[in-house]
There are 2 protein chains.
Amino acid sequence: MKPGGPTLGTYREVKAEILARIRNRDWKPGEIIPGEVQLARQYGCARTTVNRALRELAEAGFVERKRRVGTCVLGGNAQEARFAIPPIRRDIERTGAAYRYELLRRSAGRPPRAIAILLKLGDGGLALQAKARHWAGPAIHQVEDCWINLETVPAAAAQAFGQGGANEWLLGLTAVTRVRHVCHAMSTNAQEAGELGLSPGAAVFVLERQTWIDGQVVAWVRLMHPAASYRLSAETAWEA
Amino acid sequence: MKPGGPTLGTYREVKAEILARIRNRDWKPGEIIPGEVQLARQYGCARTTVNRALRELAEAGFVERKRRVGTCVLGGNAQEARFAIPPIRRDIERTGAAYRYELLRRSAGRPPRAIAILLKLGDGGLALQAKARHWAGPAIHQVEDCWINLETVPAAAAQAFGQGGANEWLLGLTAVTRVRHVCHAMSTNAQEAGELGLSPGAAVFVLERQTWIDGQVVAWVRLMHPAASYRLSAETAWEA
DNA sequence: GAGTGGTCTAGACCACTCA
DNA sequence: GAGTGGTCTAGACCACTCT
């Protein structure tokens, strides 16, 4: 046991110790830190324990690991944010406002070209569009516009979406194997403004989600929110 | 060995097998799945292996685990998106556009009340504001407005930020222990529009980041982007 | 008290990648 | 070929939570 190096019994302790070294700049970005075997000896624990600590630090983006090379400290420049996207109903009820769902439009048929491409629809392929509004008391909180690929999810054709939104229904499909989210801001055109109860040109926050099952596109969903009443937030903390 | 239950040797196989069962609805949302010991027997592997598979499925949000109770399948309703936030310079260069940095303002002093609160500044506490623009060729791609708590990071006072932005510098601090991101859309007022080269009222995409070191606020940063030229995207895929 | 997951250990073998 | 991380195993004990 080295001075200043007491026995560390758990992977959390080991993780915290290594993280502290990195934050202290004992181990600087670009450097290779000691190997698992050496650390295990130093800390008086099993290599498995050190391994788990390092694996989690790698997942969190603090280090990078390569076989035969070792574990390398990364400089913290890239950032990642994990935003939780709660079901809209819960999101609204949480604020205390009354939730109301309103279906605006539901129709199956041949979608516009842009949508057909997003859904990777075959030539005769049909899609189901379901557009709806979610109210928070007297205010419109979200307009959802869902396009569902009926080739991939024929079951959707049987859904009326009179009570609950298509987005919600889609989220209930457990089988999804891939998800892509995009968020951005937008100025509304006249129609969008009307649907959202805003003046044309008003800023909206847009969240789009595309989902797949085994390489087949399931749906493309666009969620639009008045800029003033929607935000996504994310928080990450590491042990003190 | 049960029929249809071949020996699974690795935690990845076990994970895929369990995921398949969940997607198949063999195990439905709300149900408790068999315990680790039983699964290990069934798959012919060590309990540790099953444990790792289940742990990762729990991290990914497919199941929830409770001691003495068991592992419960979750219905996939909540969503999570992990957005990568690349350093702005790289983001611009990636598009092929010429990157240019322009410092607009740098001044230390007593900040406005709202900022003082965000920074948890003491009564006499000073902050450093650094506002800058990032150009992509002829277009303004981002206006960054950084407020740095000089009590927490006195070293910032020595930085001129003439060449690189304060945001970038802040990201280089490895010691940060907590990060909070918020993103939303906004209509610009006259000043913001001017700084962004847009007409007043234009939509912008705003990303805000607040960072801490051991409970002390380090900085609050607001990054504003013309709506048309910025989007965040995230993609998650699970094994087929 | 009992049953579940959470973790540690010691040892082993494998996989990748560098020289 | 050699050195690193990646993973599996069998067994053990602990921590939590339900009854």
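Letters A, B, ... are given to chains in the order of the sequence lines, protein chains preceding strands, and every chain is numbered from 1.
Partners of Ala97(A) by side-chain contact (heavy atoms from CB on, under 4.5 Å), not counting sequence neighbours, listed by chain and number: Ile92(A), Thr95(A), Ala136(A). Every residue two or more places apart in sequence or in another chain that forms a salt bridge (charged side-chain N to carboxylate O under 4.0 Å, His left out) with Arg82(A) is listed here: Glu80(B). Take Arg12(B) and apply the side-chain contact (heavy atoms from CB on, under 4.5 Å) test, not counting sequence neighbours, and it matches Thr10(B). The side-chain contact (heavy atoms from CB on, under 4.5 Å) search around Ala175(A) returns Ile213(A), Arg23(B), not counting sequence neighbours. For Ile115(B), the side-chain contact (heavy atoms from CB on, under 4.5 Å) criterion is met by Pro111(B), Pro112(B), Leu119(B), Trp147(B), Trp220(B), not counting sequence neighbours. With sequence neighbours excluded, the residues satisfying ring-ring contact (aromatic ring centres under 6.0 Å, His included) with His225(B) are Tyr230(B).
For the strand DNA chain C, secondary-structure stems (runs of at least three Watson-Crick or G-U pairs, all distances below 3.5 Å) span C:1-18 with D:1-18.
As a whole-Å value, the separation of Leu8(A) CG from dT7(C) P is 16 Å. For the pair Arg52(B) CZ and dA10(D) P, the interatomic distance rounds to 18 Å; values are reported in whole Å. Following rounding to the nearest Å, Arg41(B) (CZ) and dG11(D) (P) show an atom-to-atom distance of 14 Å. What separates CZ of Arg65(B) from P of dT4(C) is a distance of 12 Å, to the nearest Å. Distance CD (Glu13(A)) to C1' (dC8(C)): 12 Å, rounded to an integer number of Å. Protein atom CD of Glu64(B) is 12 Å distant from nucleotide atom P of dT17(D), rounded to whole Å. Straight-line distance from the NZ atom of Lys15(B) to the C1' atom of dT7(D): 14 Å, rounded to whole Å. One interatomic measurement links the two molecules: CD of Glu36(B) to P of dC8(D), which rounds to 14 Å at whole-angstrom precision.
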If you look only at distance, which donor and acceptor atoms sit under 3.5 Å apart when one is on a side chain in residues 53-62 of chain A and the other is two or more places apart or in another chain?
| unit_1 | atom_1 | unit_2 | atom_2 | d |
| --- | --- | --- | --- | --- |
| Glu56(A) | OE1 | Lys15(A) | NZ | 2.8 |
| Glu56(A) | OE2 | Arg52(A) | NE | 3.2 |
| Glu56(A) | OE2 | Arg52(A) | NH2 | 3.4 |

Contacts under 3.5 angstrom, residues 152-168 of chain A side chains, donor-acceptor by atom type, not counting sequence neighbours:
| unit_1 | atom_1 | unit_2 | atom_2 | d |
| --- | --- | --- | --- | --- |
| Thr152(A) | OG1 | Asn149(A) | ND2 | 3.4 |
| Thr152(A) | OG1 | Val217(A) | O | 2.8 |
| Asn167(A) | OD1 | Arg209(A) | NH2 | 2.8 |

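Across residues 54-61 of chain A, not one residue has a non-hydrogen atom less than 4.0 Å from an atom of DNA chain D. In the region residues 24-32 of chain B, proximity to DNA chain C at under 4.0 angstrom, judged on heavy atoms, holds for none of the residues.
In this structure, CZ on Arg100(B) lies 5.5 Å from CH2 on Trp135(B), to the nearest 0.5 angstrom. One finds the CD1 atom of Ile88(A) at 11.0 Å from the CG atom of Leu171(A) (value rounded to the nearest 0.5 Å).
Checking the phosphate oxygens (OP1, OP2) of dT7(D), a side-chain nitrogen or oxygen of Tyr11(B) falls inside 4.0 Å. Phosphate contact (OP1/OP2 of dT7(C), side-chain N/O of Arg12(A), threshold under 4.0 Å): present. Close to dT9(C), at under 4.0 Å from its OP1 or OP2, lies a side-chain N or O of Thr49(A). Residue Thr71(A) places at least one side-chain N or O closer than 4.0 Å to OP1 or OP2 of dG5(D).
Contact check on Arg21(A) versus Glu31(A) returns no salt bridge, with no Lys/Arg side-chain nitrogen under 4.0 Å from an Asp/Glu carboxylate oxygen.
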Dump every N/O contact between nucleotides 13-19 of chain C and the protein below 3.5 Å, one line per pair.
| unit_1 | atom_1 | unit_2 | atom_2 | d |
| --- | --- | --- | --- | --- |
| dA15(C) | N3 | Arg67(A) | NE | 3.3 |

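Closest to the side chain of Thr10(B), from the set dC8(D), dT9(C), dA10(D), is dC8(D). Of the candidates dT9(C), dT9(D), dT7(D), the closest approach to any side-chain atom of Asn51(A) belongs to dT7(D).
In terms of heavy-atom proximity, Ile32(A) sits nearest to Gly70(A) at CG2-CA, 4.3 Å.
Between the Gln210(B) side chain and the Leu118(B) main chain, a donor and an acceptor come within less than 3.5 Å of each other.
The side-chain heavy atoms of Val73(B) and Lys28(B), taken from C-beta on, include no pair separated by under 4.5 Å.
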